[in-house]
Amino acid sequence: MSIVINLDVMMAKRKISLNELSAKVDITLSNLSILKTGKAKAIRFTTLEAICKALDCQPGDILEYQPDSH
């Protein structure tokens with residue numbers, strides 16, 4: 001996939017656990033884990049906004065485009 005999710009990197013920079021972020025963002029632990037591991041197929045803007053607010057970051061800090069190398 002061309003979109004890479006760097007949620008784990010931002011969480012490490014902010015020293016926040018998956019459980020703590022889950023509580024702050026009001027998203028289930030399993031859904032947050034799916035997002036963190038890059039297995040999510042989509043993300044709602046409201047969820048992205050809540051994550052950015054909780055981590056004090058920009059969407060570009062979490063989402064990264066990497067072109068396919070063909």
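As a basis for the values below, the full set of heavy atoms in this structure was taken, side chains included, without hydrogen atoms, waters or symmetry mates. Keep in mind it's a predicted model, so treat the numbers as computed, not measured.
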Next item on the list: Hey, could you give me the OG1/CD1 distance between Thr37 and Ile5, rounded to the nearest 0.5 Å?
Entry: 8.0 Å
Check: Where is the tightest heavy-atom contact between Gln66 and Val4, given as atom of each residue plus distance?
Finding: OE1-CG2, 3.4 Å
Note to self: So which atom in Ile62 and which in Met10 form the shortest heavy-atom distance, rounded to 0.1 Å?
What the structure shows: CG1-CG, 4.2 Å
Margin query: Suppose the criterion is side-chain hydrogen bond (donor to acceptor under 3.5 Å, both in side chains): which pairs have a residue in residues 5-17, not counting sequence neighbours?
Written below: Asn6-Glu64
Item checked: Worked check of side-chain contact (heavy atoms from CB on, under 4.5 Å) between Leu21 and Leu32 -> CA-CA 8 Å; Leu21 185 60; Leu32 194 56; 3.9 Å; yes
Check: Under a single-linkage definition using a 4.5 Å side-chain heavy-atom cutoff for Ile, Leu, Val, Met, Phe, Trp and Tyr, are Ile34 and Ile16 assigned to the same hydrophobic cluster?
Finding: no
Item checked: From Ile3 atom CD1 to Leu63 atom CG, the distance as rounded to the nearest 0.5 Å -> 7.0 Å
Donor-acceptor list for residues 42-57 side chains, cut-off 3.5 Å, not counting sequence neighbours:
none

Check: Would you say the side-chain atoms of Ser33 pair up with the backbone N or O of Leu29, donor to acceptor, closer than 3.5 Å?
Finding: no
Notebook entry, point to check: If Ile, Leu, Val, Met, Phe, Trp and Tyr residues are connected whenever their side-chain heavy atoms lie under 4.5 Å apart, and connections chain through other members, are Val9 and Leu35 in the same group?
Noted result: no
